[in-house]
Amino acid sequence: MSKVKVSAGNKSGWKQDIHRNWPIYAMFLPCAIFLIVLCYIPMFGIVMAFEDFEVRKGFFGSTWVGWKNFIDLFSGGEFLSALRNTVCIALLKNTLGFVAPIVFAFLLSMLRSKKYKRTVQTFSYLPNFVAAVVVCSLMVEFFAKDGPITMLLTKLGAENQNWLANNKIPVFWILYVLMGIWQGIGWGSIMYVAAISTVNGDLHEAAAIDGASRLQRMVKITLPCIMPTIIMMFVTNIGLSFAAGYDSILLLYMPSTYNVADTVYTYTYRLAFGSGGANYGLSAASGLFQSVVGTALLLTSNYLSKKVSDGASLF
């Protein structure tokens, strides 16, 4: 009897909640439909990774090949190069690219003039809103054989060349990461600037009275206070490591630099839509592989950060 009452009470509470908060549910409904239609339903396409998929036959008519696509994927020399490039670019992005916005946020917090600080912040945000096509076009022009940056490097003693066509390690990796830093340093610093602004000013005043310099206060007070934010962003970046270089690298690389510029994402794209003929099963296997690895990296980095930083983690 009591179970019936509890169940009825829960049902009544659920109805009352919808009646009371229906505007919120109404606003959430388009988001839920978007996620279900464009994210969850397409997940059924995972079966393509285990089929010799043909569009005219569909999911249920294509030949089931089991693990053959994965064997072909992992035994291909191009995949190993793409995997190496992905890992190396991810390491550069999670070191140089990750630290740059933090350093920039610290430098902004040291500015005394609010007007100058806001001006610098505004200009640093602008590159983030420039389309990837435009940014890559600028890179191609600046680093061409007769580009302004190339000419400057030549004056300094470097070889005159098209730097984006250089297939030596790690030229392309560094250029790509530097481009990402330039485009995202301002936008990426927003979270850290906000976190720094919440640090208790009394701590800085007490440290200043004790004779601590501004740099010492930043390292000993500000950095520990914003560490949860840093860890959260780092865990997120680790999880997205295998998504490195999809749109920008497609616009920057060329056949002569595939061996140093191709990432798992671009390799998957070329398998599916390349001139050599579409291989949807193999590209689906590649996509599933990077999704599994990305999820594993996210969970592992979150677990390690929780252990190392006394419970500070993304989830």
Side-chain angles (χ1 to χ4, degrees), residues 78 81-105 107-108 116 118-190 237 240-276:
E78 291 185 352
S81 297
L83 182 61
R84 178 204 62 191
N85 298 335
T86 303
V87 172
C88 293
I89 290 175
L91 289 174
L92 289 173
K93 290 184 68 175
N94 287 317
T95 50
L96 296 177
F98 182 75
V99 172
I102 300 175
V103 174
F104 185 67
L107 294 176
L108 285 175
Y116 182 67
R118 290 171 182 169
T119 302
V120 173
Q121 282 181 293
T122 301
F123 279 99
S124 68
Y125 298 158
L126 293 179
N128 183 74
F129 300 100
V130 180
V133 175
V134 177
V135 174
C136 293
S137 298
L138 291 174
M139 285 285 291
V140 171
E141 292 294 330
F142 288 164
F143 287 96
K145 195 167 184 178
D146 56 350
I149 296 181
T150 300
M151 299 303 293
L152 175 61
L153 294 175
T154 303
K155 291 288 185 182
L156 296 175
E159 180 184 351
N160 182 256
Q161 60 179 305
N162 181 354
W163 288 95
L164 289 175
N166 190 312
N167 59 1
K168 296 180 181 178
I169 296 173
V171 175
F172 187 91
W173 302 344
I174 294 175
L175 292 179
Y176 172 75
V177 172
L178 290 178
M179 182 191 72
I181 291 174
W182 171 78
Q183 188 175 17
I185 190 171
W187 187 257
S189 67
I190 292 177
N237 283 1
L240 297 175
S241 293
F242 264 60
Y246 176 65
D247 51 353
S248 298
I249 290 182
L250 278 176
L251 295 167
L252 288 176
Y253 74 170
M254 56 194 72
S256 62
T257 57
Y258 280 166
N259 64 316
V260 294
D262 216 9
T263 62
V264 176
Y265 248 83
T266 56
Y267 178 66
T268 303
Y269 175 85
R270 290 197 297 111
L271 286 176
F273 305 105
S275 58

Flag, side chain of [X] to backbone of [Y], donor-acceptor distance under 3.5 Å:
X	Y	value
S81	N259	no
T257	Y253	no
W173	N85	no
T95	L91	yes
Q183	A132	no
S189	F104	no
T154	T150	yes

If every non-hydrogen atom of [X] is compared with every non-hydrogen atom of [Y], which pair is closest and at what distance?
X	Y	result
S124	P127	O-CD, 3.4 Å
S256	N167	O-CB, 3.5 Å
A261	T266	O-OG1, 4.5 Å
N166	V260	O-CG2, 4.2 Å

Between [atom1] of [X] and [atom2] of [Y], what distance do you get to the nearest 0.5 Å?
X	Y	atom1	atom2	answer
L250	S248	CG	OG	9.0 Å
L138	M179	CG	CE	10.5 Å
T86	I249	OG1	CD1	7.5 Å
Y267	Y258	OH	OH	12.5 Å
N162	D146	CG	CG	9.0 Å
D247	Y265	CG	OH	10.5 Å

Carefully, step by step, assess V135 and W182 under the rule side-chain contact (heavy atoms from CB on, under 4.5 Å). CA-CA 10 Å; V135 174; W182 171 78; 4.0 Å; yes
Measure the shortest side-chain to side-chain distance between K93 and Y176 over non-hydrogen atoms and say whether it is less than 4.5 angstrom. yes
Residue pair V133 / S137, side-chain heavy-atom distance below 4.5 Å: yes
Looking at the rings of F129 and W187, which for Trp means the six-membered one, are their centres under 6.0 Å apart? yes
Apply side-chain contact (heavy atoms from CB on, under 4.5 Å) to residues W163 and Q161 and explain how you reach the verdict. CA-CA 6 Å; W163 288 95; Q161 60 179 305; 3.4 Å; yes
